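Not measured: the values here are computed from a predicted model. Atoms within a ligand are numbered from 1 in the order they appear, just like the ligands themselves.
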Amino acid sequence: MEKYRIQGGNRLHGEVEISGAKNAAVAIIPAALMVDGICRIENLPQISDTVTLLHILESLGARVRMLNLSTVEVDCRRATWENADYDRMRKIRASYYFVGSMLGRFGVARTTMPGGCNFGVRPIDQHVKGMNALGADVEVTDFIDARVRGGGRLKGAYVYLDKVSVGATMNIMIAAALAEGRTVIENAAREPHIVDLANFLNSMGADIRGAGTDSIKVNGVEKLHGGTYAIIPDQIEAGTYMAATAACGGEVLVTNVIPKHLDCISAKLREMGVTVEEYPESVLVRSTGRLRKVNVKTLPYPGFPTDMQPQIGVAMSIAQGTSVITEGVYDNRYKYLNQLSKMGVRAQVDGRVAVIEGVDHLTGATVAACDLRAGAAMVIAGLCARGVTMVEDIFYIERGYQNLVEKFQALGADIRIVDEPEEPAQRTPAAG
Ligand code: EPZ
């Protein structure tokens, strides 16, 4: 089984280039199903989620051609909505974006229930509410089956989201792009990747305004033409390397970023005593001396991102004093603290609140990633701990981080992939 072996204690120095945004890419690829032409997507992150989604497009009959490691050309003109690779769909949460693109183009959709990281119940009721409003009946079993009532195209509608949901906002926007008439999405999520999806669709001929605000207007068009689009840099990948530099100490230039997207992360790191200098397309992070405690509440954008919660939790665990995290988005996103307690992290969790008492240092141990960002937190903990840390279940991490090992090695970290035999199952003593 492949694991990361990390010898902790090295400060980080040098430059790291950020890849394309995972949470934009995983919506843009399903949306490409609606394009009546050749769609070239640039700055695509090379991560397992994008590979999985491109395979799903191929299973639907699309022609997919990698022009280089980060540029793909897809032609979905001969694609359909039936007989997708449902096994692959089950593996990732973003497969639900095919509901929006299938309904938008074909008036009918069949996908599996989404997979993805497990931190509490992750309902899709707001997605269903949006598709119902656009005129589709939706049946949810192990599959999601949807069909426009009475056939034909979706009809534009007014949708008020009861909960600020990135996925529902994106899914409804995708479907509405080819609906008849105007759609308004109120109480919409405002993440940078939502703006990126809107810009992608508009570059293919859609008419979407207001993305990035809580009210998005979509005037449906007849069809989307081909074109070329470059995905924005990944806000969370950038934040991960910033938090790692804070925890390990050192000086790192994080390049190919949009500093505005990092405002909340930079502000919290500055509160902890980290220097963050902003340039047009990069940020310089410098961390010397002991970090100061900080309190964080995760919120939808532009609040502190929930996807950065585990990473800053590690920095808090070695800060001077006691920090408090309030998880404002998910019910249960603290499982990683159980793993980190093996390394000496002292944390108390009560519902959505975690109190983290800073300790002088962490100590290497064998830990397992339990989801994508928890896995990133395990890596940061190993990098700043004393001794050796083994991180297992690294497939979670590789879903969302391109070349993580190589990027950290280039910053001076002692981290490598080792392939060790599965631990023999613990022998249970024969019944006496
Ligand atoms: C997206 O998940 C991201 N995933 C998540 O990133 C991210 O944590 C999340 O947005 C919040 O920013 C992808 O983009 C593939 P939500 P999503 O719908 O769309 C509740 C990562 O680490 N909700 O904004 O599933 C939901 O339970 C991943 O990259 C409903 O109640 O998140 C949650 O409490 C992890 N009903 C809250 O809303 C719904 O119909 C926010 O969820 C939908 C969501």
- request: Would you mind finding which of Asn23, Asp125, Val164 brings a heavy atom closest to atom 14 (O) of ligand 1?
  value: Asn23
task: Please name the residue in the list Val26, Ile194, Ile28 that meets the side-chain contact (heavy atoms from CB on, under 4.5 Å) test with Met170.
output: Ile194
- prompt: Per the side-chain contact (heavy atoms from CB on, under 4.5 Å) rule, which among Thr183, Val184, Asp207 passes with Val218?
  reply: Thr183
Is [X] close to ligand 1, meaning an N/O of one under 3.5 Å from an N/O of the other?
X      : value
Val166 : yes
His193 : no
Ser165 : yes

Crowded around [X] [atom1]? As in, over 12 foreign heavy atoms under 6.0 Å?
X      : atom1 : result
Lys217 : NZ    : yes
Glu281 : CD    : no
Arg346 : CZ    : no

With a 4.0 Å cut-off on N to O distance, would you call [X] and [Y] a salt bridge?
X      : Y      : answer
Asp162 : Lys129 : yes
Lys293 : Glu271 : no
Asp137 : Arg147 : no

What side-chain donor-acceptor pairs closer than 3.5 Å can you find for residues 106-115, not counting sequence neighbours?
{"unit_1": "Arg110", "atom_1": "NH1", "unit_2": "Asp145", "atom_2": "OD1", "d": "2.7"}
{"unit_1": "Arg110", "atom_1": "NH1", "unit_2": "Asp145", "atom_2": "OD2", "d": "2.7"}
{"unit_1": "Thr112", "atom_1": "OG1", "unit_2": "Arg90", "atom_2": "N", "d": "3.4"}

field: Derivation and outcome, salt bridge (charged side-chain N to carboxylate O under 4.0 Å, His left out), residues Arg399 and Asp49
entry: CA-CA 5 Å; Arg399 284 189 45 205; Asp49 272 14; 2.9 Å; yes
- prompt: Would Leu57 and Cys76 satisfy side-chain contact (heavy atoms from CB on, under 4.5 Å), going step by step from the backbone distance to the final call?
  reply: CA-CA 8 Å; Leu57 268 189; Cys76 297; 4.1 Å; yes
When you look for heavy atoms under 4.0 Å from ligand 1, do you find them on the side chain of [X], its backbone, both, or neither?
X      : answer
Arg93  : side chain
Arg333 : side chain
Met170 : neither
Tyr396 : neither

What protein heavy atom sits nearest [atom], and how far away is it?
atom                    : value
atom 17 (P) of ligand 1 : Tyr96 OH, 3.5 Å
atom 8 (O) of ligand 1  : Asp307 OD1, 2.6 Å
atom 29 (O) of ligand 1 : Arg373 NH2, 2.9 Å
atom 32 (O) of ligand 1 : Tyr330 OH, 3.4 Å
atom 23 (N) of ligand 1 : Pro123 O, 4.2 Å
atom 41 (C) of ligand 1 : Val329 CG1, 3.6 Å
atom 2 (O) of ligand 1  : Arg122 NH2, 3.4 Å
atom 40 (O) of ligand 1 : Gln126 N, 2.8 Å

Proximal ligand 1 atoms for [X], defined as those under 4.0 Å from one of its heavy atoms:
X      : result
Lys22  : 21 (C), 29 (O)
Gly167 : 18 (O), 19 (O)
Val26  : 15 (C)
Ile124 : 39 (C), 40 (O)

task: Applying salt bridge (charged side-chain N to carboxylate O under 4.0 Å, His left out), run through Arg352 and Glu327 and close with a yes or a no.
output: CA-CA 5 Å; Arg352 288 196 173 204; Glu327 172 54 55; 5.7 Å; no
